[in-house]
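Counting starts at 1 for both ligands and their atoms, in listed order. One is the number of the first residue; the rest follow in order along the sequence.
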Amino acid sequence: MKRIPTGSPIANLSSLLIMLLFSIAAHGEELVDATADYDASNVFSRILRGELPADIVFESEYALAFHDINPRAKIHVLIIPRGQFTNIIQFNANASDAEKLGLLDAISQTAKVMGVDESGFRLVSNTGHDGGQTVPHFHVHLIGGEHLQ
Ligand code: AMP
């Protein structure tokens with residue numbers, strides 16, 4: 001079998017590809033760049049357009065709430081604005097006051113619909129690479145239904 005000489009362009013390219021595969025496998029999913037422009041091909045944008053199904057628990061003019069496909073607690077719902085914002089920084093900078101209030105209202109209404117407004121719950125919004133964000137459409141995780149560690 002012919003050997004590829006180390007240091008050759010093909011060997012360098014192979015090492016690069018192997019490193020890339022390892023890095024994607026290690027993370028499981030690609031992480032979002034917090035400064036990236038909005039990319040409307042993301043899964044939540046597709047749910048908003050009705051191209052993908054979602055188990056919806058609350059909807060309004062400004063926001064949508066649906067069950068997380070991979071729940072990490074008894075109750076795990078995602079609340080998203082209908083507008084196109086990658087994360088909370090971009091939402092705060094560019095959303096209208098009505099959109100901001102609409103999202104807050106949706107969070108509160110979702111907690112009530114899910115019956116955790118009195119027992120309590122946790123809100124999380126992973127942002128960018130270090131926050132571990134995987135879907136580049138601003139979303140808030142509402143987690144509860146049990147005592148969280
Ligand atoms: P994050 O890692 O903070 O960006 O959260 C993305 C969340 O979206 C994860 O908890 C996923 O389980 C969830 N998710 C991904 N695809 C879907 C989908 N089609 N429907 C509902 N939840 C989803």
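- Residues meeting the salt bridge (Lys or Arg N to Asp or Glu O under 4.0 Å) test with R122, sequence neighbours left out: none.
- For H139, the ring-ring contact (aromatic ring centres under 6.0 Å, His included) criterion is met by F44, H141, not counting sequence neighbours.
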Tabulated below should be the N or O atoms of ligand 1 paired with protein N or O atoms at under 3.5 Å; can you produce that?
from: ligand 1; atom 1: 2 (O); to: G132; atom 2: O; distance (Å): 3.4
from: ligand 1; atom 1: 2 (O); to: T134; atom 2: N; distance (Å): 3.4
from: ligand 1; atom 1: 2 (O); to: T134; atom 2: OG1; distance (Å): 2.9
from: ligand 1; atom 1: 3 (O); to: N126; atom 2: ND2; distance (Å): 2.8
from: ligand 1; atom 1: 3 (O); to: H139; atom 2: NE2; distance (Å): 3.0
from: ligand 1; atom 1: 3 (O); to: H141; atom 2: NE2; distance (Å): 2.8
from: ligand 1; atom 1: 4 (O); to: T134; atom 2: N; distance (Å): 2.7
from: ligand 1; atom 1: 4 (O); to: T134; atom 2: OG1; distance (Å): 3.2
from: ligand 1; atom 1: 4 (O); to: V135; atom 2: N; distance (Å): 3.0
from: ligand 1; atom 1: 4 (O); to: H139; atom 2: NE2; distance (Å): 2.9
from: ligand 1; atom 1: 5 (O); to: H139; atom 2: NE2; distance (Å): 3.1
from: ligand 1; atom 1: 5 (O); to: H141; atom 2: NE2; distance (Å): 3.3
from: ligand 1; atom 1: 10 (O); to: D68; atom 2: OD1; distance (Å): 3.3
from: ligand 1; atom 1: 10 (O); to: D68; atom 2: OD2; distance (Å): 2.5
from: ligand 1; atom 1: 10 (O); to: R72; atom 2: NH1; distance (Å): 3.0
from: ligand 1; atom 1: 10 (O); to: R72; atom 2: NH2; distance (Å): 2.9
from: ligand 1; atom 1: 12 (O); to: D68; atom 2: OD1; distance (Å): 2.5
from: ligand 1; atom 1: 22 (N); to: I69; atom 2: N; distance (Å): 3.1

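- Using a 4.0 Å cut-off between charged nitrogen and carboxylate oxygen, E59 and R82 count as a salt-bridge pair.
- Checked by atom type and distance alone, the side chain of E51 never pairs as donor or acceptor with a backbone atom of R46 at under 3.5 Å.
- Every pair tested for salt bridge (Lys or Arg N to Asp or Glu O under 4.0 Å) that includes a residue from residues 103-118 fails, sequence neighbours excluded, so the list is empty.
- For an aromatic pair to be called close, the ring centres must be under 6.0 Å apart, and F138 with F85 fails this.
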